Amino acid sequence: MDTVCKLTEEILRKVGELYSLAHVEKPFRPGETRIPYAGRVFDERDMKAMVKAVLDFWLTLGPYGDEFEGKLKSFLGVSNALLVNSGSSANLLAVSALCSKELEDHLRSGDEVITPAVTLPTTVAPLLQNNLVPVFVDCELGTYNVDPMLLEGAVSDRTRAIFLPHTLGNPCDMEAIMSFARDHHVFVIEDMCDALGSRYRGRCVGTFGEFGTLSFYPAHHITCGEGGAVITNSEGLAGIARSIRDWGRACYCTHGTTDPLGACGRRFDFEIPGMPGTYDHRYTYTNIGYNFKPTDIQAALGSAQMDKLADFIQARQRNFRRLDAGLKEFAEFLILPTWKPEAEVSWFAYPITVRETAPFNRKDLVVWLEEGLIQTRLLFAGNILRQPGYRDIPHRTAGPLPNSDLVMRNSFFIGVYPGLRGEHIDYVMERFRRFFSLL
Ligand SMILES: Cc1ncc(COP(=O)(O)O)c(C=O)c1O
């Protein structure tokens, strides 16, 4: 073994030692240990993968990126996965790709995109950034997904796409959505940032429409620190998305291309109308792009996390079931989550809506939980049209939004992430019981 290999092994062994000293979980103490709504779950293999990537010093997206993209593709059953630096970038990339002039039937300025009013702001922002008009529909209570019954009423002669989050991991009614999309010839983008591993009729969500988008922020099913991805089964759309992700350039060479004349062998031979002579293909721009790439160090972590994904999903489902069984007792006061019979849910969190008839309000319950060190979060923006930054945006609404307003007033969620075990959930349930016993 040469000295570099020996040193690398020694460093990685030390990383393992450090992990078990610095990061090993402390025993749970009810009322003293915080119960987060989410968080990164990692072990020494994740730390070693990242350190190895640092020692390799590739830095920009490279071999670990290929490995991570490969694992995502085979897990999801798609032909293309492109890593980006956040879920928000993934959303902007997917929408921008559908607006690219390289796409024959691309979205044009002023076209309408149907989306729920209860959402995360960065599903709406990319529409505005591309001069598209969001058309807001109300959500269903219980699933907190777009109500498919309201889609027809949202249609105009400018309707070109639907952009739907699978809220907190719960799959939208994909049968109704895809049938609507076929009838009206509209694109579908699925924001699956909270739904990695959720399935509808056995098929992974994110793979039904033109694009699925993922986030690897630490609250999500797996993490890269910051990161995201777009997935698609369309080779054409993948090419456009890759171009927009990589500065908008025409060249599709990757880090693996060693030929100085490029993968096509014609790097210096392209004659582009309107450009002088032949121009280096690497510096030919066919799209208005960004640089959305993550580093190879982030990708190394993502790839290591993929090996734990199946266990993570099971833990999330187990925690969810335990909370759901316990909270049924209080269904008189709380609207508990529902899901479609066709759905197999890889839950992001456990959503709760305080009924309007309850003798307490959301703040009473949320403060009680937080004081017991149980973290809570609101259902993202609530009705986004009531948020200061979004009040004056160009938009249409398809009818009133009473459920979205109720969600904004009365809904919140608590954690089911794999860092929580039975003892944590038992404590959460005890705290709920105590709250109701004091009513
Ligand atoms: C549904 C949804 N979409 C998009 C995002 C944005 O992802 P990111 O934080 O990686 O930008 C999030 C983030 O939490 C999300 O929950």
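On a predicted model such as this, the values are computed, not experimentally measured, just so you know. In listed order, ligands and their atoms are each counted from 1.
- Near Thr122, meaning under 4.0 Å from one of its heavy atoms, ligand 1 places the atoms 6 (C).
- Closest to atom 8 (P) of ligand 1 among all protein heavy atoms lies Gly87 N, 3.4 Å.
- For Phe211 and Phe163, the gap between ring centers reaches or exceeds 6.0 Å.
- Distance from atom 11 (O) of ligand 1 to its nearest protein heavy atom, with residue and atom name: Ser88 OG, 2.5 Å.
- What sits closest to atom 13 (C) of ligand 1 on the protein, heavy atoms only, is His220 NE2, 3.3 Å.
- Taking the six-membered ring for Trp, His395 and Tyr390 have ring centres at least 6.0 Å apart.
- Using 4.0 Å as the threshold, Phe348 has no heavy atom nearer than that to any atom of ligand 1.
- Near Phe380, the atoms of ligand 1 lying under 4.0 angstrom from a non-hydrogen atom of the residue are 16 (O).
- Only the side chain of Cys193 comes within 4.0 Å of ligand 1, counting heavy atoms alone; its backbone N, CA, C and O stay farther away.
- Within the 6.0 Å centre-distance limit, the rings of Phe435 and Phe360 are counted as a close aromatic pair.
- Considering backbone and side-chain atoms together, Ser215 places an N or O closer than 3.5 Å to an N or O of ligand 1.
- The closest donor-acceptor contact from the side chain of Ser198 to the backbone of Ser346 lies under 3.5 Å.
- Side chain of Asp46 to main chain of Asp43: a donor-acceptor pair is present (N/O by atom type, distance under 3.5 Å, no hydrogens or angles).
- Atom 5 (C) of ligand 1 has as its closest protein heavy atom Leu120 CD2, 3.2 Å.
- Taking the six-membered ring where the residue is Trp, the centroids of Phe436 and Phe333 are separated by under 6.0 Å.
- Between Arg316 and Ala219, the shortest heavy-atom distance links the atoms NH2-O, 3.7 Å.
- Scanning the protein for heavy atoms near atom 16 (O) of ligand 1, the closest one is Asp194 OD1, 2.8 Å.
- Judged by the 6.0 Å and 45° rule, Arg203 forms a cation-pi pair with Phe208.
- Not a single heavy atom of Glu226 lies less than 4.0 angstrom from ligand 1.
- Between Gln305 and Phe312 there is a side-chain heavy-atom pair separated by less than 4.5 Å.
- Every atom of ligand 1 is numbered from 1 in the order shown, and the set under 4.0 Å from a heavy atom of Ser86 is 10 (O), 11 (O).
- Counting only heavy atoms of the protein, atom 3 (N) of ligand 1 lies nearest to Asp191 OD2, 2.7 Å.
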